[in-house]
There are 2 protein chains.
Amino acid sequence: MPQQRPAARQLDHPGREELRLEAVLHALSDPVRLQVVRALADLDEEVACSAVELPVSKSTSTHHFRVLREAGVIAQCYYGTSKLNGLRRDDLDARFPGLLDAVLAAARSRD
Amino acid sequence: MPQQRPAARQLDHPGREELRLEAVLHALSDPVRLQVVRALADLDEEVACSAVELPVSKSTSTHHFRVLREAGVIAQCYYGTSKLNGLRRDDLDARFPGLLDAVLAAARSRD
DNA sequence: CCCGTACTACGACGCTTATCGTAGGAACGC
DNA sequence: GCGTTCCTACGATAAGCGTCGTAGTACGGG
């Protein structure tokens, strides 16, 4: 069903106040998703799904991006045939101060 | 805590260097387990499993304590008919600096 | 209008998880 | 030994998750 809007198709994101700690932790507890978050944090800009190399199939990749979005970890918006992904750093820092940085630091320290 | 038991039953714990970020995040992503961790952090001493009130059955409770132990979040040791539980604060802080505090702060801020 | 690119919805699969009840073991006090 | 308390192993069940392939939609460019 086509929605009337000037911009591209929209995707549902939880608001800043709706972020749930358990959901965020669960989203971050998967190696593939953690890899996505690391990549987005390193790039520090919005990139397409395909810009992140993952060791899984395309459909699985889509699945993981959706989990991250629904948990409120990333923001996604359509742009042409692509979908841009960005870390919701501000929202995460506001609701769970220090959490994202601690996870990123821990994830990076293992290489 | 007089741990001088005559070869009391021992439990397996991952060493500090064996802690895995994903496992810890997963362990903390369950509401019941998060409640346990909060309680242990608040009490700040080793307590028996039964000292933590949980909204689940005894067997389920045992299950969650085991998940936390195997992820390296808590330490457990038998003491008489009880099993004492303690947060592995030092190990967690050493491997994942700031993570536990961020999670605890976030968990507490929702009441 | 057709084609390629990029993402997605769907269904399937095998595995893991959370939950419970029951039965039972280990330590302690008597 | 006996009973109590506390925890645990086991089996069952239902739900969830990660993975994939296939088929499909949306967009932009010739």
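Every chain is numbered from 1, with letters handed out A, B, ... down the list of sequences.
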Worksheet item: Should the pair A:D90-A:R16 be classified as a salt bridge under the 4.0 Å nitrogen-to-oxygen rule?
Response: no

Discussion item. If the threshold is 4.0 Å, N to carboxylate O, is there a salt bridge linking B:D101 and B:R89?
Written reply: yes

What is the distance, rounded to the nearest whole Å, between atom [atom1] of [X] and atom [atom2] of [N]?
X	N	atom1	atom2	value
B:D30	C:dT16	CG	P	18 Å
A:N85	C:dA6	CG	P	14 Å
B:R33	C:dT19	CZ	P	8 Å
A:H64	C:dC7	NE2	P	16 Å
A:H26	D:dG16	NE2	C1'	8 Å
A:K58	D:dT25	NZ	P	19 Å
B:Y78	D:dA9	OH	C1'	10 Å
A:F65	C:dA9	CZ	P	15 Å

Fill in: Along DNA chain D (nearest heavy atom to each residue), the more 5'-positioned of B:T81 and A:S61
B:T81

Practice prompt. Look at all strands and tell whether B:T60 reaches a base, only sugar-phosphate, or nothing, counting heavy atoms closer than 4.0 Å.
Written response: base

Check every atom of [options] against the side chain of [X] and return the nucleotide holding the closest atom.
X	options	result
B:H63	C:dC7, C:dT19, D:dC7	C:dT19
A:S57	C:dA18, D:dC20, D:dC7	D:dC20
A:S59	C:dA18, D:dC20, C:dC7	D:dC20
B:C49	D:dC7, C:dA9, D:dG18	D:dC7
A:V56	C:dA18, D:dC20, D:dA9	D:dC20

Worksheet item: Under 4.0 Å: is that the gap between some side-chain N or O of A:S82 and OP1 or OP2 of D:dC27?
Response: no

Item to complete: May I ask you to verify if any side-chain N or O of A:R66 is less than 4.0 angstrom from the OP1 or OP2 atom of C:dC7?
Response: no

Looking at [Y], is its backbone amide N or carbonyl O close enough to the side chain of [X] to form a donor-acceptor pair, meaning the two atoms are under 3.5 Å apart?
X	Y	result
A:H13	A:G72	no
A:R69	A:A75	no
A:S82	A:Y78	no

